[in-house]
Amino acid sequence: MRFFCRHRMNAGTPTRRVLLLTLVMASVCQSSAVLAIDADVKGVRGELATNIRNYLQSLNIPENADTQSYSAEVTQRVQDALKPFGYYEPDIAVSFQNREQVTVDVDHGTPVRVRSVVVRVEGAAEDDEPFQQALQASPLTGMEGERLLHTPYDTLKSRLTALALERGYFDARYRQSRIEVHPWEHAAYISLIFESGERYRFGDIFVTGSQIREERLRKMAPFDPNDRYLATDVARYSQRLGDSGWFRSISVRPRLDERARKSASPMVTSSPDVSVEGPDGKRQNFQDDIDAQERPQQATVPIDINVTPEDRHKFETGIGYSTDVGPRINFGWNMPWLNDRGDSLNNDLVLSGPEQTLTGEYNVPLANPARDNYYMRYGFKNTDRTESDTRSFESSVAFGREWRFENDWIQNAYLRTTYEDFTQGDEEDKVLLFIPGMSWSRTRTDNTRFPMWGDRQDILVEGSNNAWGSDANFLRTRLDSQWIRSLGENNRFVGRATVGATSTDNFSQVPPSLRFFTGGDSSVRGYEYETIAPENSDGDLLGGKHLLVGSLEYQRQVAKNWWGATFVDAGNAFSEWWPDELKTSAGVGVRWISPVGPVRLDIAHPFDSEEDSWRLHFGIGPEF
């Protein structure tokens, strides 16, 4: 084996830099003087041979050393590599070719077989289902008569220890934990008796560093005092505090003693609990039972929370582009907390050629801030879209209540006041509406950036009536659903469906913001944004009472962050149920998984448009 070290210097390189690089390269070249040994293993194959190579890989023989003096160490390492697989009396022949290559000829001999297995859980965990499942799933319990393997023993022992920490058995210990090997009998005796002790319960919650009332933070806990301890509840508590947006950093920890952790080894090693007993009864390398920890007076564990407040004012700016609205600029001013109750205020300004929008939301969290809150939403929107024949100025204020349920559904009940001055086609009006409504939504995903599985459901029901002072009578509903499913790691399917319906006795008084249009990047591609809708006699768009849109897309990964796509879209907005026709398009596209989310580029062909033979669609951002 040869090792060359080279460094190319350009003319004019400073002397100090040359000297530094020379020293670095010299040290690298010098490190080649000691190299890992290359083992040629004969007599055994598969996992035995692999483990022998792994044990010998860290053996380094210095240059000019007597290789034969290392034969004993090689033999010992090979023996250690075979023990985890039940071979305790192998015959090993060692032959060095040079200091970098060694040949080991191995006859593993008669394996040690398990004569008896005693495995059980005692204490409060005896009736705890996860512990029983761990015992039933372990091959250790059925190893009697089989060749001794150390890995099932160590795996079960680690699993029981992990369950104890996850489920609050902090006084747990192993009353017995040993593999007793009698090599001259080719026999082994396994004993693993886990004594769990009492299961701890959640104690008091102690908060430091919070600008929010401590009582509010305590009510966000997914557990009550004296509930049985679960590590997953601690993690959920931390997530809820993070979702509040009140804090820059969060630490939620049970008040426990720190325990040392050892990193995993690439080698299959012998269990530390092995006791090798000779014919004279003398034992070697046996690890005694784990000592019991000192038990506290009460079986409760306090929870310590340490937080750092988030900045009181946060500003965000952004620039985007889509074929629906063209270039747009975003500006956000967010105040995650306004007072010690945790009230928040968010404002967003979005400017594009056809639309300018200012929206805001003031949130008032209730007793359980993670679940319930009141809100006030306000906004102004100016629209001037010649392609959809829409000109409108809208202002609105809404007061509502939001509930977040454990099944991920979010429910909203609200009363919205809207004033809209609009022109839609040949219709002009100014309307003041008082609109009570309800909405439900749920989003599930395995990865928010680019999910391989997920779905989103949105349901809206709202109405208006002259009886409470509105200028229009209507009842309106809209249902949106989107699914993402995958087949293997390289095939992805995306489906969308939207259904909308309006019941009214005077549709001309319903403003454009509440009428249905379709077409564009996220509905029926191949058509301009919101250009599919009923028209008047002059061909001006009026919008529809009802809506029906569907899409099916197949995506295939073609490179690490690149996917190809093919799709079919269909839909229409219409005034009479059922539509006379559904506008249909098909096309192909490319998806690039960027750091900010998917970048989508689609080319779609509309089958029902005489003006366009194809249309380009571009968008950036998450799909849900």
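Along the sequence shown, the residues carry numbers beginning at 1. These figures come from a predicted structure and were not determined experimentally.
- Paired with P512 under the rule side-chain contact (heavy atoms from CB on, under 4.5 Å), one option of E530, E427, E420 passes, and it is E420.
- In this structure, R515 forms a cation-pi arrangement with F507, its terminal cationic atom sitting closer than 6.0 Å to the ring centre and no more than 45° off the ring axis.
- In this structure the side chain of I459 never reaches within 4.5 angstrom of the side chain of S439, judged on heavy atoms.
- No side-chain donor-acceptor contact under 3.5 Å links S238 to the backbone of A235.
- For the pair N465 and N473, the tightest heavy-atom approach, listed with the atom from each and the gap, is CA-OD1, 3.1 Å.
- Nearest heavy-atom pair across P365 and R341 is CG-O, 3.5 Å.
- Side-chain contact check for R404 versus D372: every heavy-atom pair is 4.5 Å or farther apart.
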Margin query: side-chain hydrogen bond (donor to acceptor under 3.5 Å, both in side chains) for Q356 and N382? Distances and angles first, verdict last.
Written below: CA-CA 5 Å; Q356 302 84 44; N382 182 68; 2.9 Å; yes
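- Note that R377 lies in the cation-pi zone of Y375, set by a 6.0 Å cut-off to the ring centre and a 45° limit from the axis.
- In terms of heavy atoms, T445 sits closest to P451 at OG1-CB, 3.0 Å.
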Next item on the list: Test side-chain hydrogen bond (donor to acceptor under 3.5 Å, both in side chains) on T418 and R416 and set out the steps.
Entry: CA-CA 6 Å; T418 296; R416 185 174 76 249; 3.3 Å; yes
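- For the pair S470 (side chain) and F434 (backbone), a donor-acceptor distance under 3.5 Å is present.
- Counting only distance, with no hydrogens or angles, the side chain of R496 and the backbone of S522 share a donor-acceptor pair below 3.5 Å.
- Aromatic ring pairs are classed by plane angle as parallel below 30°, tilted from 30° to 60° and perpendicular above 60°; the pair F574 and W577 is tilted.
- In terms of heavy atoms, M220 sits closest to S244 at CE-CB, 4.1 Å.
- N363 places no side-chain N or O within 3.5 Å of a backbone atom of D343 that could act as its donor or acceptor partner.
- The nearest pair of heavy atoms linking A565 to Q555 is CB-CG, 3.8 Å.
- The two residues W468 and P436 come nearest to each other via the heavy atoms CZ2-CD, 3.8 Å.
- In this structure the side chain of N347 never reaches within 4.5 angstrom of the side chain of T359, judged on heavy atoms.
- Both cation-pi conditions hold for R525 and F567: the charged atom is under 6.0 angstrom from the six-membered ring centre and inside a 45 degree cone around its axis.
- Ring planes of Y237 and F223: perpendicular class, angle over 60° (limits at 30 and 60°).
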Check: Could you go step by step and tell me if Q132 and Q136 meet the side-chain hydrogen bond (donor to acceptor under 3.5 Å, both in side chains) rule?
Finding: CA-CA 6 Å; Q132 296 305 316; Q136 295 170 9; 5.1 Å; no
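- A side-chain donor-acceptor contact under 3.5 Å links D389 to the backbone of L541.
- Counting only distance, with no hydrogens or angles, the side chain of E489 and the backbone of Q557 share no donor-acceptor pair below 3.5 Å.
- The closest side-chain donor-acceptor pair between D324 and S322, if any, does not fall under 3.5 angstrom.
- A cation-pi arrangement is found for R492 relative to F450, the charged atom lying closer than 6.0 Å to the ring centre and inside a 45° cone about the ring normal.
- For the pair K430/Y419, a side-chain contact is recorded, criterion being any heavy-atom separation below 4.5 Å from C-beta on.
- Under the 4.5 Å side-chain criterion, counting only non-hydrogen atoms from C-beta, L514 is in contact with F474.
- Counting non-hydrogen atoms of neighbouring residues, nucleotides and ligands closer than 6.0 angstrom, the CZ atom of F607 exceeds 12 such neighbours.
- In this structure the side chain of F493 never reaches within 4.5 angstrom of the side chain of L552, judged on heavy atoms.
- Aromatic ring pairs are classed by plane angle as parallel below 30°, tilted from 30° to 60° and perpendicular above 60°; the pair W592 and W562 is parallel.
- When atom types are taken as modelled, the side chain of D602 and the backbone of A604 share no donor-acceptor pair closer than 3.5 angstrom.
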Next item on the list: Mind running side-chain hydrogen bond (donor to acceptor under 3.5 Å, both in side chains) on D480 and T498 for me, showing each step along the way?
Entry: CA-CA 5 Å; D480 291 280; T498 301; 2.7 Å; yes
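- Distance alone, capped at 3.5 Å, places no donor-acceptor pair between the T417 side chain and the S396 backbone.
- Both the sub-6.0 Å distance and the 45° axial angle are satisfied by R401 relative to the ring of Y374.
- The side-chain heavy atoms of R312 and P336, taken from C-beta on, include no pair separated by under 4.5 Å.
- Within 6.0 Å of atom CG in D580, 12 or fewer heavy atoms from other residues, nucleotides or ligands are found, so the atom counts as exposed in its surroundings.
- Contact of the Y229 side chain with the V234 side chain is registered, since non-hydrogen atoms from C-beta on lie closer than 4.5 Å.
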